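Remarks on the structure that follows.
Source: prediction; values computed, not measured. Numbering starts at 1 and runs along the sequence shown.
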Amino acid sequence: MPKKRSGGGLSPTQQAAKFLGVSVLAGAVMAGIALPAAGALGLAAKGSVQGFDEIPDNLKSPALSQRTTILDNKGGQIATVYSRDRTVVDLKDISPYMQKAIVAIEDSRFYQHGAIDLKGVLRALNQNAQNGGVAQGASTLTQQLVKNYFVEEAGDDPTKVAQATQQTLGRKVRELKYAIQLEEKLGKKKILENYLNITFFGEQAYGIEAAAQRYFSKPAKDLNLQESALLAGIVQSPSRYDPVNDEAEATKRRNTVLQRMAEVHDISQQEADQAKEAKLGLKVSQPKNGCITAVKGASFFCKYVENVFLTDPVFGKTKEARAKLWNQGGLTIRTTLDPQAQKSVQSSIKSHVNKSDSVATAATLVEPGTGKIVGMGQSRPYGYGKNETEYNYSVDRDMGGSNYGFPTGSTFKPFVAAAALEEGRPATQQYPSPYEMAYPSPVQTCSSKPWTNLTNEKLSNESTEEKGPYALKTAMAKSVNTYFVQMISDIGICPVVKMTDKLHVVQGNGDKLPEVPAITLGSKGISPLTMASAYATFASRGMYCTPIAIESITQKADGREKSLEVPKSTCSRAMSEKTADTVNTLLQGVIDSGTGQQAGLSDRDNAGKTGTTDERKNAWFVGYTPNLSGAVWVGSPKQNVKMTGIRIGGVYHDLVYGGQVPGPIWKDAMTGALSGKDSPSFNLVDIPDEKPKDNGHGPGDGNNGDNNGNANGGNTTNGNTVNGNTISGNTVSGANGATGDTNGGGFPTPTFSIPSGFIQGQNGNGGRRG
């Protein structure tokens, strides 16, 4: 008795002998089927055993690519994505009619023969000899399964697909050897199950479950006789027998299958005849593939999740490895998206900004202390048509966002305040804060070379009435530009840059912020997600957490489910609790009595900051409660629309500013997202309103200090010193910088501009704008 291998399979010698048993009668004959020239038969027979032995012993069943399902944090489906629409099911979940139909039409002797059907080979050889070519094949279901394995392994590579399907003796030999292995390893039922799950049924449907859903909108287990016959008939030529595009041809093919089922006694002739009279009964479901089909306006969040998967090393060390895993699919991705928050974001956006408006809006909500992104939306939907876009305005360029993000205006000022507080400046810090001034110079940077105002760059406040001296509390509420430029001059640029580094605040293109005093005016482009995450640090009392979008992933493969590792939020202390509490107190003042009054929530502690940039091309509101942070941007993605005399959401605005348009969007989005949620309180600090002091380092009341200005301090001073940094007091007009927001009902037009080339925005070609 020949010995079997420990795994129960035949030895290579036994396999070769078994193959030889059919090679004279079948192996060489198969060459005749594959190659019409009769002269090839002898050569094929001569070389077949050698080729057989050289083929690797083990055929690895490929992991079948399946659809991936993306869920929100409550388990609701957001979207399905796939390279091939397939859902693998067990044989018990496939209709018995379907099992019989596919066997009857594709391999009626499936249960009687082994890997090779000798009768089928002889029948095919005879038919092909009569036709002088390849009129009929003789592949069994097992051989077809092997071929499908090769095709699946080839993926979308056309060269590999061609190699997997080419009509050559070499491929037939490999196919036969592996078919023998599968018969011994799997058995008939598993082979049939695998075949029905792998084969292509047309209309983007791979496997019987996807096919049943596509053509009849039902699971495979519920297919009736005529439906099963129709699907079984499609397999031979999915394009020719496509019932969606050629009902008559598909009907003829279905009836052929029904008749064959009667001939092999799977059904009676009467059953076959009755089924032939039935209409096709199609109930076609259109393919819903990709993030473009996401519900609740979550297409951009869905794409963000996909980009996280394709870029994070946790899912594979190389780009190719991550892409292969994503395309393989079979994943169930549970995300951080909160359906209540997402619905609120989209509802607020829709009620305030139309997709056809000349400007757009984007809003992102993040959970403080966890980094979870719970809401993300924008006014222009995902797509490629008019008033649609594939750019996600909420995120950085490397995650599918705009080229540079968007200038943030005065929403940057809290970062400067936090840096100053960390440096030991008191919450009552005062500066002269004239209406207009030149940038202080020199200003210390992180390097040994200070920044110097070589071109006499200047800036001004929003309104001529905004003139100091001011303390921090009032300066934040009124968003006084000159105050914060003096503050950054006082402490230096380096503490501010170090603070923004801790808050992971970078430009939308990924570059670090420049070390120039004008950064305090928010002149560099930053994404809403970055701003919402940074402000969440204030809400969580100084702990910054990296944003995350994925909570868990399971993968279904080989009939089993396994959990995959996912990126975790990394939390680190960015500032002391005292500093965060102080900023919270300051920003609560912005909502209570400052530029953000229209955005304030009435039922819970909240804080925030407005921002409007040069020529009103961008308007922002970034705010938070102790348990939710959100950023809203409104502007032109290409940075070419000045929001003056403009209609947004059907409402006319003479001048747009941060508290007027983005503020109400934020308010409505947050209100809905927080409805029914806890209402924790801030840990506020007492910031007394101090009177100006004549201490030689700050302004007097207009009558003291080394002023050469007016007695009321209304004009800028020449030679006045603020903590050692000289401030030039020349009165100017047309100052440079981004504007803050006014306090009260008036909205004066900014009277200054940012230096040419200083702001980076997105133009039609993705370049810089001057």
Side-chain angles (χ1 to χ4, degrees), residues 336 364-374 395-396 405 408 410-427 429 445-446 472 476 484 487-488 490-508 510-515 519-520 522 524 526-548 567-588 590 605-609 611 620 622-631 680 682-685 687:
T336 60
T364 299
L365 304 182
V366 174
E367 187 176 86
T370 67
K372 293 179 179 179
I373 303 170
V374 297
V395 302
D396 290 345
T408 59
S410 294
T411 57
F412 194 91
K413 290 171 180 172
F415 306 147
V416 179
L421 292 167
E422 286 286 283
E423 287 294 296
R425 300 299 182 272
Q429 179 71 50
T445 66
C446 293
L472 177 55
M476 186 69 79
F484 287 94
M487 175 173 272
I488 207 171
D490 178 8
I491 66 173
I493 302 172
C494 195
V496 177
V497 172
K498 287 182 177 179
M499 175 57 66
T500 54
D501 284 348
K502 292 177 182 178
L503 296 172
H504 294 230
V505 175
V506 295
Q507 298 180 66
D511 290 349
K512 288 191 61 168
L513 295 171
E515 293 189 44
I519 61 171
T520 187
K524 290 301 180 183
I526 299 173
S527 71
L529 175 58
T530 296
M531 293 298 290
S533 299
Y535 271 57
T537 307
F538 301 137
S540 59
R541 305 190 72 194
M543 292 297 294
Y544 172 83
C545 296
T546 56
I548 56 169
K568 304 294 184 183
S569 179
T570 302
C571 298
S572 57
R573 181 155 295 283
M575 65 192 73
S576 68
E577 288 188 351
K578 181 181 178 181
T579 293
D581 292 344
T582 304
V583 173
N584 294 339
T585 305
L586 293 169
L587 295 187
Q588 192 172 66
V590 173
D605 277 9
N606 61 118
K609 186 72 187 74
W620 286 76
V622 188
Y624 54 94
T625 68
N627 53 349
L628 190 61
S629 175
F682 289 129
N683 294 277
L684 299 179
V685 300
I687 305 176

One should read off an interatomic distance between T537 OG1 and M499 CE, to the nearest 0.5 angstrom, of 9.5 Å
Would you say the side-chain atoms of E515 pair up with the backbone N or O of C446, donor to acceptor, closer than 3.5 Å?
yes
According to side chain to side chain donor-acceptor pair (under 3.5 Å), who are the partners of K372, at least two apart in sequence or on a separate chain?
E551
Mind checking the OG1-CD spacing from T579 to E423? Nearest 0.5 Å is all I need.
10.0 Å
Which heavy-atom pair separates N584 from A539 by the least distance, and what is that distance?
OD1-N, 4.2 Å
Mind jotting down which residue pairs meet the side-chain hydrogen bond (donor to acceptor under 3.5 Å, both in side chains) criterion with at least one end in residues 526-535? Sequence neighbours excluded, please.
D396-S527, S527-T530
List the atom of M476, the atom of V590, and the distance in Å for their closest heavy-atom pair.
O-CG2, 3.6 Å
Counting distance only, does the side-chain N/O of T408 pair as donor-acceptor with the main-chain N or O of T411 below 3.5 Å?
no
Evaluation steps, side chain to side chain contact (heavy atoms under 4.5 Å, CB included), between M487 and L472
CA-CA 9 Å; M487 175 173 272; L472 177 55; 4.1 Å; yes
Nearest heavy-atom pair of K524 and P514: which atoms, and what distance?
CE-CG, 3.5 Å
To the nearest 0.5 Å, what is the distance between CZ (F538) and CG (L503)?
6.0 Å
Got a donor-acceptor contact below 3.5 angstrom from the S569 side chain to the T546 backbone?
yes
Residues in salt bridge (charged side-chain N to carboxylate O under 4.0 Å, His left out) contact with K568, at least two apart in sequence or another chain
none
Decide yes or no on side chain to side chain contact (heavy atoms under 4.5 Å, CB included) for F682 and L587, but give the supporting numbers first.
CA-CA 11 Å; F682 289 129; L587 295 187; over 6 Å; no
Sidechain-backbone polar pair: T364 side chain, P528 backbone, donor-acceptor under 3.5 Å
no
Are E577 and N683 close enough that some pair of their side-chain heavy atoms sits under 4.5 Å apart?
no
Can you tell me how far apart OG1 (T500) and CD1 (I493) are? Round to the nearest 0.5 Å.
11.0 Å
Nearest heavy-atom contact between E422 and A574 is OE1-O, 4.5 Å
Check G369 against S540 and note the closest heavy-atom contact, atom names and distance.
N-CB, 3.8 Å
Rounded to the nearest 0.5 Å, how far does CG of L628 lie from CG of N606?
11.0 Å
Supply the atom-to-atom distance E367 CD to I548 CD1, rounded to the nearest 0.5 angstrom.
9.0 Å
Shortest non-hydrogen contact between I488 and V496, atoms and distance:
CG1-CG2, 3.7 Å
Contact check, side chains of W620 and S410, non-hydrogen atoms, under 4.5 Å
no
Does the side chain of M575 reach to within under 4.5 Å of the side chain of F415, using non-hydrogen atoms?
no
